[in-house]
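Read the structure below first, then the notes.
Residue numbers begin at 1 in each chain, while the letters A, B, ... track the order of the sequences.
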There are 2 protein chains.
Amino acid sequence: MPDATDPAPMNMPSRRRFRREGEERRRQDLIEATLDSVAEHGLQGATLRTIALRAGVTAGLIRHYFPGKEELLQEAYAALMGRMTEQAKAALVMENASPRQRLAAFVTANLNAPIIDARVFSLWATFIGRARADPTLAHAHREGYLGFRNEVEAVVAEVLAAERCKSDASQLRHHAIAINAIIDGLWIEGCLAGEMFSPGELAAIGIKAVEAELGLAPEGEENQ
Amino acid sequence: MPDATDPAPMNMPSRRRFRREGEERRRQDLIEATLDSVAEHGLQGATLRTIALRAGVTAGLIRHYFPGKEELLQEAYAALMGRMTEQAKAALVMENASPRQRLAAFVTANLNAPIIDARVFSLWATFIGRARADPTLAHAHREGYLGFRNEVEAVVAEVLAAERCKSDASQLRHHAIAINAIIDGLWIEGCLAGEMFSPGELAAIGIKAVEAELGLAPEGEENQ
DNA sequence: AGGCTATTTATACACTTGCACAACAAGCTC
DNA sequence: GAGCTTGTTGTGCAAGTGTATAAATAGCCT
C-alpha cells in the first residue's frame, strides 16, 4: 500500500516546501542570520550557505534580495551599528533628571547588558578590523562614532553648565574624547572579561572616572 | 641559436630558483607575511597562497614549518601580542624618574606611534573578534591583558604611595581598571581616526584623564 | 668535486565558495 | 478555481581553498 503522505519518498525527490514571506521580513531575517554567522564563525565562516541555513532558506534566495555577499555584509554592519547607537542614545532621554544624573545614567546604560555583550563585541571587532581596507565600513563607523561623541559632548556641556561655567570649546572637546574613551575602554573590558567584574562594578568605576575627569566633587551626595 | 640563459624558455618550464633560509628566519618571515595578509585582507583573505606569495615562497612550504593554517595563525597572533605588550612595557623602564613621571611616560608611549598604528589595530580587532569562538585566542588575549593591567596597577601603586598613602587594595584595582580603559579607549580613537587629533593631543588628554582619576593635583608643575 | 639530506617547488585532489540560471510552486487577482 | 506573477528552490559551474605528496635542487659534509 503506497503511502501518499510519506514525508520522504525514496525515488521521487519532492521539492522542499516553503512559505513566501514579506520582503522586509525576509531581508531582516537574512541580516540577522548574517550577524549570527559572523559572530559565531567570523567573516570567513559566514558563507552564503551557512547564512541561508540559519535563516531557514536556501542560498540562492539571498541573491534575490541582495546584489551580492558584500552588500549583505555591509547592510548587516549598518544594522548593527544602528542598533548599538540607538540603544546607547536611548539612555539619554530622561525626564526630570539633572544633567549629572543623566550622564551617570548614560554611563551605566553603556556598561551593562544589553550593550555589554560578548556577541555584539565580537561583531564590532570583526567588522572594525576590516574598516581600514573597506572604505564603506570605515565611513559607517566614523558616522556612528561621531554621533556618539556628539551626544557625549552635549551632555557634558549641560553638566558643566549646571555645575560651573568653565566651558571652553577646546576643553569641552577634550572632555568628550576622554569620556568616550573611558566608556569604550570599560565596554571592551566588560565584553571580553565580564565575569571578572561584579554586577554594577564597571558602571561604578565608569561614573567615578567620568566625574573625576570633569572635576566634579566626588563626595557630593546631593541626589538621593 | 638556442639561448641557454633565456630566463623564460617557452616549452621547457624550468623550476623556480630558491634559496634555503635558516629555519628561524623562515618561520619569522612566514609569520610576518601572515600578519601582513590578515591586516590587508582580513582572515578570509589570508590564504596560504597569499601568505606564501608575500613571503616569497610557494604555498607548499608552509606545511613544512607549520602543521596547518590554524597553527600558523595562532603563532602569528601570539607574536603580535608579544610585540605589543613588549613595546608597552618598555616605556616603563626609566631611570631617575618619579612614579608620576613614569606613569605619564607610559601613557604617552601608548598613545603615540608605533603603538598607535592602524595596521596593528586592524590586526588586534580581527583576531580579538574571533576570541569568543577560539579558546586559544581568548587565552592569549587574557594573558596579555592581565599582564598589561598588572603593570598599570604597579605603577599606580607607586604613584599613590609617593603622593599620598590612600592605597586600598580595592581602590587600587579600580584605578587600574579605569586607567587601563582610558588608555585602551584613546588608543582605539587614535588608531581609527588618527588624523582627527593633533600630534601629542591624545597623550595630553590621556595624562590629564589618568591624573584626574588618581586625584592628582592638576596644577602641580613640580617637574620642569 | 661528489654525495646526502632536508628545504623547497610543483602538481594533484577533494572540497567549498560565490554566483548564474532554469524549474517550480505559493498565493494573489480575476 | 484558473492563471499569472514572483518569491523560492535546486543544480551547475568556474575559481579558489587547505592539504597531501612526489619530484627537484641548494648547500653542507667529507
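Applying side chain to side chain contact (heavy atoms under 4.5 Å, CB included) to A:Leu73 and the options A:Glu75, A:Glu70, A:Lys69 leaves one that passes, A:Lys69.
Counting non-hydrogen atoms under 4.0 angstrom, B:Tyr65 reaches the backbone sugars and phosphates but no base. Across all strands, B:Arg20 comes closer than 4.0 Å to base atoms (heavy-atom distances). The residue A:Arg49 sits close to a base: some heavy atom pair falls under 4.0 Å. Residue-level contact check: A:Glu23 touches neither bases nor backbone, having no heavy atom under 4.0 Å from any strand. Counting any heavy atom pair closer than 4.0 Å across all strands shown, B:Thr47 reaches sugar-phosphate atoms only and no base atom.
Checking the phosphate oxygens (OP1, OP2) of D:dT8, no side-chain nitrogen or oxygen of A:Arg16 falls inside 4.0 Å. Using a 4.0 Å cut-off, no side-chain N or O of A:Arg19 falls inside it from OP1 or OP2 of D:dT8. Of the side-chain N and O atoms in B:His64, none sit less than 4.0 angstrom from OP1 or OP2 of C:dT8. For the pair B:Arg26 and C:dT8, the criterion of a side-chain N or O lying under 4.0 Å from OP1 or OP2 is met.
Protein atom CG of A:Leu43 is 15 Å distant from nucleotide atom C1' of C:dT17, rounded to whole Å. In this structure, A:Lys69 places its NZ atom 8 Å from P of C:dT17, rounding to the nearest Å. Between the CG atom of A:Leu53 and the P atom of C:dG18 there is a distance of 14 Å, rounded to whole Å. Between B:Glu70 atom CD and D:dT19 atom P the separation is 9 Å, expressed in whole Å. Nucleotide D:dA24 holds its C1' atom 7 Å from the CZ atom of B:Phe18, rounded to whole Å. Note: CD (B:Glu24) to C1' (C:dT7) measures 15 Å, nearest angstrom. Atom C1' of nucleotide C:dT17 and atom CG of A:Leu48 are separated by 8 Å, given to the nearest angstrom. When rounded to the nearest whole Å, the span between CZ of B:Arg63 and P of C:dC13 equals 18 Å.
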- Worked check of side chain to side chain contact (heavy atoms under 4.5 Å, CB included) between A:Phe127 and A:His141: CA-CA 9 Å; A:Phe127 281 114; A:His141 162 77; over 6 Å; no

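Map A:Thr58 and B:Gln44 each onto its nearest nucleotide of DNA chain D; the residue landing nearer the 5' end is A:Thr58. Residues B:Pro67 and B:Arg17 both approach DNA chain D. Their nearest nucleotides, taken by heavy-atom distance, put B:Pro67 toward the 5′ side.
In this pair, A:Trp124 and A:Trp187 present their aromatic rings perpendicular. The plane angle is above 60°, beyond the 30 to 60° band.
Comparing D:dA23, C:dA20, D:dT8 by their closest approach to the side chain of B:Arg15 singles out D:dA23.
Atom CD in B:Gln28 sits 9.5 Å away from atom CZ in B:Arg25 (nearest 0.5 Å).
For residues 180-207 of chain A, the pairs satisfying salt bridge (Lys or Arg N to Asp or Glu O under 4.0 Å) are A:Glu195-B:Arg142, A:Glu201-B:Arg173, with sequence neighbours left out.
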